[in-house]
Amino acid sequence: MSNCVFCKIRDGEIPSEKVYEDDLMFIIKDIDPKAERHFLMIPKRHFKLLSEMTSSDTENLGKCLKKIPELSDLLGLENGYRLIINQGDDAGQTVFHLHVHILTGQKMDFPHL
Ligand code: 5GP
Ligand code: ZN
């Protein structure tokens, strides 16, 4: 997707604070953090919505999710974390490349992002 900010970050065309990368996904610090620590886990393949994914794509997404607790030390997740996927306008999705917010480093006492 030529005009997608996360594809550009993936391809190194836009700088980011990348904290982890493997063959399926990468994790960056959110540019505008909504929690004490706010990461974005971004699958490398461009999808706008979960509904666009095949079952093999969602299997890959599952592998990406499974990786998050394995990165507990790197991301500082020991006291807990919250994962959020915004889908579509009503959810406030602003970047239409599917991604998972990882919020951590504080009590989650706020109702939404
Ligand atoms: P959404 O609202 O689509 O669920 O989340 C998009 C997230 O991407 C927002 O939290 C926003 O701060 C973050 N974001 C947008 N552009 C950039 C960027 O260029 N770099 C980084 N690191 N984060 C970005
Ligand atoms: Zn993209």
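No experiment lies behind these values; they were computed from the predicted model shown. Each ligand, and each atom within it, is numbered from 1 in the order the structure gives. Side-chain atoms are counted along with the backbone in the values below, which use heavy atoms only and exclude waters and symmetry mates.
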A.B. asks: Hey, what's the angle at the Zn ion (ligand 2) spanning SG (Cys7) and SG (Cys4), nearest 10 degrees?
C.D. replies: 120°
A.B. asks: Taking 4.0 angstrom as the limit and counting only heavy atoms of His101, give me the atoms of ligand 1 inside it, by number and element.
C.D. replies: 1 (P), 4 (O), 5 (O), 7 (C), 10 (O)
A.B. asks: Do Lys67 and Asp22 have side-chain heavy atoms sitting under 4.5 Å apart?
C.D. replies: yes
A.B. asks: Could you list all the salt bridge (Lys or Arg N to Asp or Glu O under 4.0 Å) pairs where at least one residue sits in residues 56-65, not counting sequence neighbours?
C.D. replies: Arg45-Asp57
A.B. asks: For the Zn ion (ligand 2), find the closest N/O/S atom belonging to His97 and write down its atom name.
C.D. replies: ND1
A.B. asks: Within ligand 1, which atoms have a heavy atom of Ile9 less than 4.0 Å away?
C.D. replies: 18 (C), 19 (O), 20 (N)
A.B. asks: Would you say Thr94 has any N or O atom under 3.5 Å from an N or O of ligand 1, going by distance alone?
C.D. replies: yes
A.B. asks: Please identify each residue that fulfils side-chain hydrogen bond (donor to acceptor under 3.5 Å, both in side chains) with Glu21, with sequence neighbours left out.
C.D. replies: Lys44
A.B. asks: Does the Arg37 side chain pair with the main chain of Gly76, one donor and one acceptor, at a distance under 3.5 Å?
C.D. replies: yes
A.B. asks: Select one of side chain, backbone, both or neither to describe which atoms of Asn86 lie under 4.0 Å from any atom of ligand 1, heavy atoms only.
C.D. replies: side chain
A.B. asks: Answer with yes or no whether Phe96 contacts ligand 1, where contact means a heavy atom under 4.0 Å from a ligand atom.
C.D. replies: no
A.B. asks: For atom CD of Glu17, decide whether the heavy atoms of other residues, nucleotides or ligands shown that lie under 6.0 angstrom number more than 12.
C.D. replies: no
A.B. asks: Is Gly92 close enough to touch ligand 1? Criterion: a residue heavy atom under 4.0 Å from a ligand atom.
C.D. replies: yes
A.B. asks: Any idea which atoms of ligand 1 are less than 4.0 Å away from a heavy-atom of Val5?
C.D. replies: 19 (O)
A.B. asks: With carbon and hydrogen excluded and only N/O/S kept, which atom of His46 is nearest the Zn ion (ligand 2)?
C.D. replies: ND1
A.B. asks: More than 12 heavy atoms of other residues, nucleotides or ligands under 6.0 Å from CG of Asp89: yes or no?
C.D. replies: no
A.B. asks: Checking the side chain of Asp11 only, and the main-chain atoms of Glu13 only, is there a donor and an acceptor separated by less than 3.5 Å?
C.D. replies: no
A.B. asks: Please indicate whether any nitrogen or oxygen in Asp30 is less than 3.5 Å from any nitrogen or oxygen in ligand 1.
C.D. replies: yes
A.B. asks: Taking atom 17 (C) of ligand 1 as the point of reference, which of Ile28, Ile31, Leu98, Ile42 owns the nearest heavy atom?
C.D. replies: Ile31
A.B. asks: Out of all atoms in ligand 1, which are within 4.0 Å of some heavy atom of Leu40? Include the element for each.
C.D. replies: 8 (O), 13 (C), 23 (N)
A.B. asks: Take a 6.0 Å sphere around CD of Glu36 and say whether it holds more than 12 heavy atoms from other residues, nucleotides or ligands.
C.D. replies: no
A.B. asks: Report the C-alpha separation of Phe47 and Leu61 in whole Å, then their side-chain angles, then the decisive distance to 0.1 Å, and conclude whether the side chain to side chain contact (heavy atoms under 4.5 Å, CB included) test is met.
C.D. replies: CA-CA 11 Å; Phe47 297 99; Leu61 181 61; over 6 Å; no
A.B. asks: Mind checking whether His101 and His38 have parallel, tilted or perpendicular rings, split at 30° and 60°?
C.D. replies: tilted
A.B. asks: Report yes if Lys34 has an N/O atom closer than 3.5 Å to an N/O atom of ligand 1; otherwise report no.
C.D. replies: yes
A.B. asks: In ligand 1, which numbered atoms sit nearer than 4.0 Å to a non-hydrogen atom of Asp32?
C.D. replies: 12 (O)
A.B. asks: With a cut-off of 4.0 Å, which atoms of ligand 1 are near a heavy atom of Phe6?
C.D. replies: 8 (O)
A.B. asks: Give a yes or no on this: more than 12 heavy atoms of other residues, nucleotides or ligands lie within 6.0 Å of atom NZ of Lys18.
C.D. replies: yes
A.B. asks: Counting only heavy atoms closer than 4.0 Å, does ligand 1 sit against the backbone of His99, its side chain, both, or neither?
C.D. replies: side chain
